[in-house]
Amino acid sequence: MMRSLYAGVSGLQNHQTRMDVIGNNIANVNTYGFKRGRVDFQDMISQQLSGAAKPTEEVGGVNPKEVGLGMSVAAIDTIFNQGNLQSTGVSTDVAIQGNGFFVMQSGEKTYYTRAGNFGLDSNGTLVNPANGMRVQGWMAQNVNGEQIVTTSATPTDLVIPVGSKDPAHATENVNFMCNLNKNTPEILEGASEADVIKGTWSTEFKVYDSFGNDHNLNVSFRRVTGNPNQWQATVNVDPENPDGTETRVGLGTTDGTENTFIITFDNTGTLQSVTDSAGNVTNPEGQIVLQTSFNVVGANADEDGNPYRQTMNINLGTIGSQKNTITQSAAASSTKAYYQDGYTMGYLDSFKIDSSGTITGVYSNGTNRTIGQIALATFANQGGLEKAGDNTFVESNNSGLANIGPS
């Protein structure tokens with residue numbers, strides 16, 4: 001009698017454990033990143049009343065007689081199935097698609113979580129606002145003007161520098177890909193002003209100096225008299241400036257050059273060569289890059305009293321190619337420069353986190369800068385992690401070490 005009561009009690013006690021787990025699952029139905037638990041049962045040891053007997057010539061075999069002594073909890077598993085993704089409208093909220101955990105730091109202790117309801121503290125640090133744990137990742141470093149994230153380094157706190165400055169950057173490169181109309185008339189000696197205007201195609205593009213001031217880069221093209229496949233280009237920066245900027249252009253240098261150069265096309269309208277005013281001619285293949293320099297009004301002169309000159313590159317494209325290259329075809333002269341890399345000073349207005357966990361800052365001057373990247377941790381046995389409260393886990397002897405890397 002007592003044995004049957006003890007077996008029943010073991011069932012009641014362990015089913016109470018199962019009800020505890022189920023109740024916890026229900027209580028956390030709206031908890032971000034929560035992973036439900038599952039209880040597995042197993043029977044306990046059985047008391048053998050009589051053993052098994054093998055068959056004989058007279059009778060067949062006899063099975064053992066055993067009385068079960070109850071049941072026990074075999075395991076309480078954490079089920080890490082992928083949950084449904086929901087949009088919250090909060091830019092700092094992120095979720096993990098697939099395996100992995102966000103890495104959180106509290107003092108010197110590391111925690112792991114699937115919950116991505118993050119926010120910023122007063123220092124701009126990306127944290128869990130409920131407990132202040134700091135999200136770990138890699139901050140971008142400026143390498144030769146480019147923001148580089150080194151994911152092989154040790155993860156650190158992610159700080160979003162809201163309101164920080166993006167310094168002005170002088171234009172270094174301008175790319176052209178306009179078309180020059182093959183049927184544009186030549187400008188003959190003594191031509192009227194109307195004929196000069198009709199025979200000239202001008203392009204204008206905004207460029208920037210080191211202070212962030214914008215300037216008007218004007219490049220005008222006119223047919224060379226007597227050569228049907230040549231054009232003379234004239235470069236001026238701020239042509240309306242009464243003080244003048246003394247614009248010069250040349251191949252590899254602007255020393256000893258003027259502000260003009262000759263473009264030669266082949267009979268298919270493809271860029272063939274460029275000759276600057278000093279007589280320098282491009283190589284027979286490769287890109288055509290011209291240096292342009294101009295006086296920056298308001299800048300300090302050098303030690304010899306010469307005005308400060310800013311230099312930038314004008315890329316006309318690749319010889320023998322018509323892709324992203326200046327061309328000569330029997331079609332209307334088109335567009336102008338399509339790219340320049342200068343900008344004025346700006347402030348960090350906002351930021352966004354993409355699907356790879358990369359944090360990109362959006363500045364008021366229209367530039368985007370990589371700020372950092374969120375780290376993810378994976379484990380050989382994620383079911384071996386121990387729950388630490390606050391939707392977090394910690395490593396255990398059976399989880400394996402965290403493998404931390406980008407998403």
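With N218 contributing its side chain and E204 its backbone, the two residues share no donor-acceptor pair below 3.5 Å. In this structure, N398 contributes its side chain and G384 its backbone to no donor-acceptor pair below 3.5 Å. Between the side chain of D276 and the backbone N or O of L251, at least one donor-acceptor pair lies under 3.5 Å. For S333 (side chain) and N181 (main-chain N/O), a donor-acceptor pair under 3.5 Å exists by modelled atom type. Between the side chain of T171 and the main chain of N173, no donor-acceptor pair closer than 3.5 Å is present. In terms of modelled atom types and a separation under 3.5 Å, the side chain of D390 and the main chain of T392 share no donor-acceptor contact. Panel note: side chain Q82, backbone G98; a donor-acceptor pair is recorded below 3.5 Å.
For the residue pair R309/S293, the side-chain donor-acceptor check at 3.5 Å is satisfied. Under the 3.5 Å distance criterion, with hydrogens and angles disregarded, a donor-acceptor pair is assigned to the side chains of N267 and N229. Side-chain polar atoms of T125 and N123 form no donor-acceptor pair below 3.5 angstrom. Counted by atom type alone, E240 and N216 present zero donor-acceptor pairs between their side chains at under 3.5 Å.
Here the two rings, on F351 and Y363, have centers that are 6.0 Å apart or farther. Taking the ring centroids of Y339 and F176, they lie at or beyond the 6.0 Å cut-off. In this structure, the ring of F101 has its center no less than 6.0 angstrom from the ring center of Y111.
Between H215 and V237, the closest heavy-atom pair is CB-CG1, 3.8 Å.
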